[in-house]
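Keep in mind that what you see is a predicted model, and the values were worked out from it rather than measured.
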Amino acid sequence: MDLQQTSAPLAEALNAQRINRLAHFDVPAHKGGRMNPELPEYFGKLCMELDVNSMKPLDNLGHPVSVIRDAQRLAAAAFGADDAFFMVNGTTSAVQTMIWASTGRGDKIILPRNVHRSAINALVVNGAIPVYINPGQDKRLGIPLGMSVADVKKAIAENPDAKAILVNNPTYYGICSNLVEIVRLAHEAGMLVLVDEAHGTHFYFHEELPVSAMAAGADMAAASIHKTGGSLTQSSILLTRRPVNPDYVRQVITLTQSTSASYLLLSSLDIARRHLVYNGRAAYQKTMEYADYARSEINEIGGYYAFGPELVNGDTAFAFDRTKLSVHTREIGLAGIEVYDHLRDDYGIQIEFGDIGNLLAILSAGDRMMDVERLISALAEIERLHRRDPIGLFDHEYIDPVIAMAPQEAFYAKKRRVAMRESIGLIAGEFVMSYPPGIPIVAPGERITPDILEHILFAKEKGCFMTGTEDMNLDYLQVVE
């Protein structure tokens, strides 16, 4: 069949089955919403009729041979990949698949320490050994940057047996490493390059944005289409290039991905891909213009620093994602999470996250200029009403870890519970992180230092949403005996 980007084979097949008057004696039990009238009243009749299970005309995500296969082939072509896999367990499952498909127990993988928890969770499960590269840091902002090429060279030279290198493209703050050069170095050493593009879907559709993983020659990339590409929440795509074996990757995916894949999520990926092919460039041009305007106006307020392409230094900040609206708040005496709370509670404005020194607003072509102006005005009023002396604020997001054990060894080791304030010098047996962004402050196998404890306690005091520990109040920590 000659596939065209104008088609959406999976979405079209799903709609066709909706109108063919099937008598459904399969799951789901709601039977198009008839079992519980509250569901169609809440979600809409069309949504309920499209929420079906796998059937012959709709293919099977675990073994695609027809419309899902065709939709994935169109996605691969749209993103410049050899193969593409629709993911319904979020980009978390795509990141984990990349790691599991390229490493096994005892294998080394080189990665920046400021990775999402999904990557370290993958190591907890499969027993691969991390070789961490500490990212660069911007001392004014206190944020982690990308990996320096020199540090990547050093890690490769010291660990020639490593199987793969994982790269963030971009970081949560919009910072990109020199991906093309890292790919070259890794491939010369016989290593695969895995790219976490959870926040980089748009890189594929505008030439003024940083280079995408596939264009840079990476072997695998996990793209959160729902984050910046417009599909439904939890839908994602895993992209691969040969010589990566797509059939083996599919087998790895099926180890953890649901066998009851949501056709609402799957069809949203198909429709989003078609939209991006034809409208992506214009959408991201509009997004960049919104972000550029907001940065300029916020920086006129005084106190805030909405940072942008000026951070680029040719190495640890090789490129910057102009669609990201990241704002440093420490100079007005407020942690990012405090500004986040004011925006949400006092002004009815929901942003992506606030941490201890910065906030992040995700912009898209779906925004309206009136809402951008509303955000700018609210930030100006927060600065006027709540500005205070910044003395005493924690001044850095990232702390170089002290690695004592492999993540899997520490997570499954015999552990004991200690008071968080008495954990200095001990080895963590669990994660502690603010979510979002979901980058661990400390991960299993890392030693608790005074700086780490101070960071945890400060983030908790300021109201960051802290996750990862057995103790829901974060008063206690599980440590290795």
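The shortest side-chain heavy-atom distance between Phe203 and Pro170 falls under the 4.5 Å cut-off.
Salt-bridge annotation for Lys460 and Asp475: present, with a side-chain N of the basic residue lying under 4.0 Å from a carboxylate O of the acidic one. With respect to the salt-bridge test (charged N to carboxylate O, under 4.0 angstrom), the residues Asp59 and Arg69 do not qualify. A salt bridge is defined here as a Lys NZ or Arg NE, NH1 or NH2 lying under 4.0 Å from an Asp or Glu carboxylate O, and Arg274 with Glu12 meets this definition.
Ring orientation note: the planes of His116 and Tyr435 are nearly perpendicular, at an angle over 60° on the 30°/60° scale.
Considering every non-hydrogen atom in both Ala76 and Ala84, the closest pair reads N-CB, 3.6 Å. The heavy-atom pair separating Ala122 from Gln96 by the smallest distance is CB-CG, 3.8 Å.
Judged by distance alone, with hydrogens and angles left aside, the side-chain atoms of Asp270 form a donor-acceptor pair with the main-chain N or O of Leu10 at under 3.5 Å. Asp196 places no side-chain N or O within 3.5 Å of a backbone atom of Leu166 that could act as its donor or acceptor partner.
When each of Val88, Leu50, Leu58 is checked for a side chain to side chain contact (heavy atoms under 4.5 Å, CB included) with Tyr263, only Leu58 meets the rule.
Ring-centre distance between Phe79 and Phe205: below the 6.0 Å cut-off.
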Report task. In sequence, state the C-alpha distance, the side-chain angles, and the governing distance for Arg113 and Asp400, and then conclude on salt bridge (charged side-chain N to carboxylate O under 4.0 Å, His left out). Result -> CA-CA 8 Å; Arg113 175 53 181 77; Asp400 292 348; over 6 Å; no
